**Student:** 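One structure coming up, written as structure tokens, with questions to follow.
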Amino acid sequence: MKGGTTLTRAWSERAAEVTPGGVHSPVRAFLAVGAAPIAIIEGLGATVTDSAGKTYIDWIGAWGPALLGHAHAGIQEAVIHAARRGLLFGLASPAEVDLAERLIARVPGADMARFMATGTEAAMTAVRLARVVTGRAGVIKFAGGYHGHADAFLASAGSGVATLRLSAAPGVTEGAIADTLIARLNDLDSVDRAFDQRRGEIAAILVEPVAGNMGCVPPETGFLAGLRERCDRHGAVLILDEIITGLRIARGGAAERYGVTADLSLLGKALGGGMPLAAVVGRREIMSRLAPSGPVYQAGTYAAHPLAIAAALATLDALDAEPQLYAELEARGARLERGLREAAASAGIPLQLQRVGSMWTAFFADRPVRSWDDAEQVDRERYAKFFRALLERGVLLPPSAFECAFLSRAHGDREIDATLAAARAAFAEIAS
Ligand code: PLP
């Protein structure tokens, strides 16, 4: 640790000179938790090591992609092997066909897939498709839901937008969000009101089936089925944004876990195993409207990047080799949840530990968080203190009260026990 702080300060000071806020994505700045940001030089399994040489148990998990842990051997080898054959050709490859076939086999109701580099692009593409197939403009999204940083989705967005308390979205014109209607998560009446407000004009509902960008908020019984029913009744397209949940909470994502079939689904994060890869998958009659088989334009120099496709195939190989993984993640997640609940209770701290499989959030609140208006009430200051107390003890939580923490295949008993020990000390410290 000799000179660690100095080193950290040195890079962050240099970064602040040459990069806005010193980071390339806002929540990496640690502003919301009042801590100096760390810069990572290495990640192995469930840990990351910063530029000062300190190693942390990592619960950020690259914000979702690291389902199998950092530096997973199978993914690494696949990427290195692919890189040896050249990085990018800008033409089709047999491997991407393999991946499309294997992916649609996992997602209920999906017949076709289109790959791109980021989740933002996937959300833009799906909404554009929905508008063309319905001939309508309106999109219902949920307060606190995040679907990337395209203009239309920044209205009442979660994730970094919420973390930095940016209520409006400067640079986004009124026109760009005029067709975005905001409903309340887990509140079907609010969805009905949105349909009523723009009768016959709603193209799609865009929803994170388990909200991950206001912290982890599970769907209540009947909520997703209610969205499906309303889309059918009104002739709208149901878009499940499974960028976080896909492959993570079940083999076939939230669609499988909750028994709801989307018209279009978005995948990303865990799919690429750390490489930039996202996908829109869905019903043939909608997907085939994409150019060049249809009129809806979508393209990308880095779409279906060979290294990302290789990483995704290796990810599916690893998941297929371990069908018990989801049960294991559930069991380990439950143990962590129990331990954190008990530790908070014995320190007299009100805590809502919300978890779906390997996604979880510690909300400092008296009652469960069901939607964004509940999330807004949580004690952010206490979260920031908890974050700092854990960081000091070598445990790295997301630097925001409104993000999910992620358990990976590499988080075993050792990492869970160490996290619980650090949490007990942290709760005692912040109780007063
Ligand atoms: N959708 C969800 C649910 C997300 O969590 C994210 C990113 O956090 C996105 C879309 C955007 O994905 P990307 O950051 O790859 O553009």
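The chain is numbered in sequence order, starting from 1. Note that ligands are numbered from 1 as they come in the structure, with each ligand's atoms numbered from 1 the same way. Being a predicted model, the structure only gives us computed values, none of them experimental.
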**Student:** Please determine whether a side-chain nitrogen of the Lys or Arg among R102 and D98 lies less than 4.0 Å from a carboxylate oxygen of the Asp or Glu.
**Tutor:** no
**Student:** Going by the order shown, which atoms of ligand 1 are within less than 4.0 Å of some heavy atom of E208?
**Tutor:** 3 (C)
**Student:** Given G272, G268, G119, identify the one with the heavy atom nearest to atom 13 (P) of ligand 1.
**Tutor:** G119
**Student:** In chain order, what residues pass the ring-ring contact (aromatic ring centres under 6.0 Å, His included) check against F142, with sequence neighbours excluded?
**Tutor:** F223
**Student:** Could you tell me how the ring of Y302 sits relative to the ring of H305: parallel (under 30°), tilted (30 to 60°) or perpendicular (over 60°)?
**Tutor:** parallel
**Student:** Which atoms from ligand 1 have a heavy atom of I244 less than 4.0 Å away?
**Tutor:** 5 (O)
**Student:** Can you tell which part of T120 has a heavy atom less than 4.0 Å from ligand 1: side chain, backbone, both or neither?
**Tutor:** both
**Student:** For ligand 1, which atoms sit closer than 4.0 Å to a heavy atom of N213?
**Tutor:** 2 (C), 3 (C), 4 (C), 5 (O)
**Student:** Angle class for the F195/H234 ring planes (parallel below 30°, perpendicular above 60°, tilted otherwise)?
**Tutor:** parallel
**Student:** Can you tell me if E121 has a non-hydrogen atom under 4.0 Å from ligand 1?
**Tutor:** no
**Student:** Taking only Lys NZ, Arg NE, NH1 and NH2, and the carboxylate oxygens of Asp or Glu, determine whether E381 and K385 approach each other closer than 4.0 Å.
**Tutor:** no
**Student:** Under 4.0 Å between a side-chain nitrogen and a carboxylate oxygen: does that hold for R233 and E229?
**Tutor:** yes
**Student:** As an exercise, identify every atom of ligand 1 less than 4.0 angstrom from a heavy atom of H147.
**Tutor:** 1 (N), 10 (C)
**Student:** Who pairs with Q298 by side chain to side chain donor-acceptor pair (under 3.5 Å), at least two apart in sequence or on another chain?
**Tutor:** R114
**Student:** If the contact criterion is a heavy-atom separation under 4.0 Å, does Y146 count as touching ligand 1?
**Tutor:** yes
**Student:** Give the numbers and elements of all ligand 1 atoms closer than 4.0 Å to a heavy atom of G148.
**Tutor:** 9 (C), 10 (C), 11 (C)
**Student:** What are the atoms of ligand 1, with element, lying closer than 4.0 Å to any heavy atom of D241?
**Tutor:** 1 (N), 2 (C), 3 (C), 10 (C)
